[in-house]
Amino acid sequence: MFNLKGKSALVTGASGGIGGEIAKILHAQGATVALSGTRVEPLEALASELGERAHVLPCNLSDFEAVDALPKQAVEAMGAVDILVNNAGITRDNLFMRMSDDEWQSVIDVNLTSTFKLCKGVLRGMMKARWGRIVNISSVVGATGNPGQGNYAASKAGMVGMSKSLAYEVASRGITVNCIAPGFITTPMTEKLTDDQKSGILGQIPAGRMGDAGEIAAAALYLASAEAGYTTGTTLHVNGGMAMI
Amino acid sequence: MSDIADRVKKIVVEHLGVEEDKVVENASFIDDLGADSLDTVELVMAFEEEFGIEIPDDAAETIQTFGDATKFIKEAS
């Protein structure tokens, strides 16, 4: 099950907690992986840990020219992009009434617009191959909202609507488009939360703990696999029960 | 029939799975040849590759019939 031998995957945000785990699990199942992210050092470290079939493609997703070039670079490196995992994301939290246009726009640009551009960039190859898997990493807050995260929640909810629309369009070509909505996962991003915030969050999670990145990676592996060919336009919520939707 | 028209016809026949004699000058990809909107995108992709040309999105939207396609490609290549 879930054998990805011969498949090529582009993973954004691979220098981060969840993205790194996704890249590892796809690679472990036989895929060739292109690791993208802004910080080259952790990407290089991960690539050398993985050994063969790993390519480093640094990209700043707020630079749209670089985003447009990334799918082409991935095809040059791997020959194709069969699997795209849009995992990269940023937060710039602020109370809605205090949120600047720049805080809004930068989060929308990196989280939503770059996802749109990367999906568009890989579709041509997937259409020709009559096979493709797009996995967009959304967030539970895209469904539930979260104070201080109007921009982030909008970007993550936008991803869900965009993925469903695209899923409609390309389903007949063997391409699936799905989202994963992680709850609170132990990563550098959630490390930024204060202890008070953390204990507040834990009280809302029936599982009584934060999730770990490997639990998101497992969901990504499923959605990237041939076995998930009939699963499209869905959002897989992986959140310890904190939002049963 | 010119070489370009032959090559375009071959792509249309293969991609849409239609009889060759249905692919006439005024045959609309969508109304006459059973293409959906995504098929028309794929046809344009196939034309680009076959003829080594770039067909911008606004031009692609004007290519509705077999005749439109051959005309555009003749002018572009």
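Just so we're on the same page: letters track the sequence lines, and every chain starts at 1.
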Undergrad: Output the distance between atom CE (B:Met45) and atom CZ (A:Arg124), rounded to the nearest 0.5 Å.
TA: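 The CE atom of B:Met45 sits 5.0 Å away from the CZ atom of A:Arg124.
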Undergrad: What are the residues of residues 32-39 of chain B, in order of number, with any heavy atom under 4.5 angstrom from a heavy atom of chain A?
TA: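 Under the 4.5 Å heavy-atom cut-off, B:Asp36, B:Leu38, B:Asp39 qualify.
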Undergrad: In residues 19-35 of chain A, what donor-acceptor pairs under 3.5 Å come from side-chain atoms, sequence neighbours left out?
TA:
{"residue": "A:Glu21", "atom": "OE2", "partner": "A:Lys24", "partner atom": "NZ", "Å": "3.3"}
{"residue": "A:His27", "atom": "NE2", "partner": "A:Glu52", "partner atom": "O", "Å": "2.7"}
{"residue": "A:Gln29", "atom": "NE2", "partner": "A:Phe2", "partner atom": "O", "Å": "3.0"}

Undergrad: For the CG atom on A:Asp101, are there more than 12 heavy atoms of other groups (residues, nucleotides or ligands in this structure) within a distance under 6.0 Å?
TA: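 Open: at most 12 neighbouring heavy atoms sit under 6.0 Å from CG of A:Asp101.
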Undergrad: Got a sec: does the CG of B:Asn26 have more than 12 other heavy atoms crowding it under 6.0 Å?
TA: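 No.
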Undergrad: Counting only heavy atoms not in B:Lys71, do more than 12 fall under 6.0 Å of its NZ?
TA: no
Undergrad: Can you tell me if A:Phe96 has over 12 outside heavy atoms packed within less than 6.0 Å of its CZ?
TA: no
Undergrad: Hey, is A:Lys128 close enough to B:Glu42 for a salt bridge, meaning N to O under 4.0 Å?
TA: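 No, this pair does not count.
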Undergrad: Going by side-chain contact (heavy atoms from CB on, under 4.5 Å), name the residues that satisfy it together with A:Ala129, two or more places apart in sequence or in a different chain.
TA: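 Testing A:Ala129 for side-chain contact (heavy atoms from CB on, under 4.5 Å), a comparison that skips the adjacent residues, returns none.
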Undergrad: Sort and list the pairs that fulfil salt bridge (Lys or Arg N to Asp or Glu O under 4.0 Å) and have at least one residue in residues 51-63 of chain B, not counting sequence neighbours.
TA: none
